[in-house]
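So the structure is just underneath, and the comments pick up after that.
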Amino acid sequence: MIRTVESAPHVSAPVLAAYSYCEAVTGQQARNFAYGIRLLPAAKRRAMSALYAFSRRVDDIGDGGLTDEVKLSRLEDTRALLARIRAGEVEEDDTDPVAVALSHAARAFPIPLGGLDELIDGVQMDVRGETYETWDDLKLYCRCVAGAIGRLSLGVFGTGPGARGAERAAEYADTLGLALQLTNILRDVREDALGGRTYLPADDLAKFGCSAGFRAPTPPEGSDFAGLVHFEVRRARALFAEGYRLLPMLDRRSGACVAAMAGIYRRLLDRIERDPEAVLRGRVSLPGHEKAYVAVRGLSGLDTRHVARGSVRRRA
């Protein structure tokens with residue numbers, strides 16, 4: 001069983017200010033993520049915001065307008081900062097609020113900070129312009145940039161007392177991260193293409209006649225773009241089904257958080273499946289009221305109970 005260590009009741013003013021900064025970053029830049037973590041108790045919500053703010057910094061370096069050489073240098077600077085955090089060398093009066101908040105979170109919860117090294121590795125792959133021949137190749141990238149975030153989050157959530165199968169919790173968290181990342185890749189396929197990036201495996205693109213890419217608001221001539229999207233949607237759904245086995249292992253509010261975040265992406269996947277070419281015309285998103293419904297559904301425990309019932313049937 002993975003246990004969490006709750007924060008001490010008193011948190012100093014500098015640390016609270018650092019967490020407030022991270023929560024502001026999360027609220028402004030991660031609306032899907034923010035819907036989920038609102039369901040957590042304060043200590044876990046703050047820790048998740050710190051993880052997000054550090055991850056956002058890494059992503060912003062990779063997505064920014066700097067030269068590749070400067071990006072790679074800044075990523076290594078960020079890795080050095082992570083090493084300081086891991087070593088407990090960041091003081092409460094440090095001028096970097098993200099470092100202060102993440103340092104406190106790492107003392108309060110058993111967060112496997114090596115996952116953030118993996119995230120940096122993944123963004124370096126982006127900067128170097130790596131492409132992926134097969135799904136197995138792409139999985140390695142997805143595990144760095146998303147599976148690792150699932151495992152980091154599990155360090156905050158922990159597993160519930162007596163949770164059956166908890167030894168596989170990190171595996172399920174990782175798989176759920178892959179499901180979310182593949183959904184992101186489908187949603188952003190044209191935006192990424194315009195930025196010079198291709199994530200979908202080259203052998204999948206060739207199979208469906210899409211090797212020409214997605215720079216236009218219409219599919220490549222003669223391609224089976226809908227077939228490609230439906231193929232990748234099925235792959236993402238299988239990952240969601242596997243990753244959702246994590247839910248019954250979590251406490252109610254942590255499970256609600258995960259169900260809300262994953263539920264938003266599953267609904268995005270539904271929309272993409274219904275109208276594959278929508279991802280070429282613009283960014284597919286959910287309205288706020290639908291995200292709120294998913295959050296309420298998560299808090300109700302419906303998804304967790306559904307998964308638990310399925311687990312019972314599989315064991316019977």
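Throughout, residue positions are numbered sequentially from 1 according to the sequence presented.
A donor-acceptor contact closer than 3.5 angstrom links the side chains of Arg79 and Gln124. No side-chain N or O of Thr175 forms a donor-acceptor pair with one of Glu242 less than 3.5 Å apart. When only modelled atom types and interatomic distance are considered, Tyr199 and Asp126 share a side-chain donor-acceptor pair under 3.5 Å.
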Do Lys139 and Asp136 pass the salt bridge (charged side-chain N to carboxylate O under 4.0 Å, His left out) test, and can you show the C-alpha distance, the side-chain angles, and the key distance before you say yes or no? CA-CA 5 Å; Lys139 270 199 298 190; Asp136 284 341; 3.5 Å; yes
Go through Phe157 and Met249 one step at a time and tell me if the side chain to side chain contact (heavy atoms under 4.5 Å, CB included) criterion holds. CA-CA 10 Å; Phe157 299 144; Met249 302 176 187; over 6 Å; no
Quick one, Arg143 with Glu118, criterion salt bridge (charged side-chain N to carboxylate O under 4.0 Å, His left out). Give me CA distance, side-chain angles, the key distance, then yes/no. CA-CA 8 Å; Arg143 289 195 190 284; Glu118 293 181 56; over 6 Å; no
May I have the step-by-step check of salt bridge (charged side-chain N to carboxylate O under 4.0 Å, His left out) for Arg128 and Asp68, ending in yes or no? CA-CA 7 Å; Arg128 295 183 181 119; Asp68 290 350; over 6 Å; no
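A cation-pi contact, defined as under 6.0 Å to the ring centre and within 45° of the axis, is absent between Arg267 and Tyr293.
Taking the centre of each ring, Phe240 and Tyr265 stay at or above the 6.0 Å mark.
Taking 4.5 Å as the limit, some side-chain heavy atom of Gln181 sits within range of a side-chain heavy atom of Asn184. In this structure, Phe54 and Thr78 have side chains that are in contact, with non-hydrogen atoms separated by less than 4.5 Å. Counting heavy atoms from C-beta outward, Leu280 and Val189 have side chains that approach closer than 4.5 Å. Between Val98 and Leu81, every side-chain heavy-atom pair lies at or beyond the 4.5 Å cut-off. Proximity of Phe225 to Thr218: side-chain heavy atoms (C-beta onward) are nowhere separated by under 4.5 Å. You'll find the side chain of Lys71 stays beyond 4.5 Å of the side chain of Val123, heavy atoms only.
Side-chain heavy atoms closer than 4.5 Å link hydrophobic residues (I, L, V, M, F, W, Y) into clusters, and following such links, possibly through other members, connects Phe231 to Val229. Tracing side-chain contacts under 4.5 Å through hydrophobic residues (I, L, V, M, F, W, Y), one never reaches Leu194 starting from Leu186; they form parts of separate clusters. In terms of hydrophobic clustering, with Ile, Leu, Val, Met, Phe, Trp and Tyr side chains grouped at heavy-atom distances under 4.5 Å, Ile37 and Leu16 are assigned to a common cluster. Leu140 and Leu75 end up in different hydrophobic clusters when Ile, Leu, Val, Met, Phe, Trp and Tyr side chains are linked at under 4.5 Å.
Between Ala146 and Gly177, the shortest heavy-atom contact is CB-O, 3.2 Å. In plain terms, the two heavy atoms of Pro217 and Arg281 that are nearest each other are O-CG, 4.2 Å.
Checked by atom type and distance alone, the side chain of Tyr52 pairs as donor or acceptor with a backbone atom of Gln29 at under 3.5 Å.
Within a 6.0 Å sphere centred on CZ of Arg235, heavy atoms belonging to other residues, nucleotides or ligands number more than 12.
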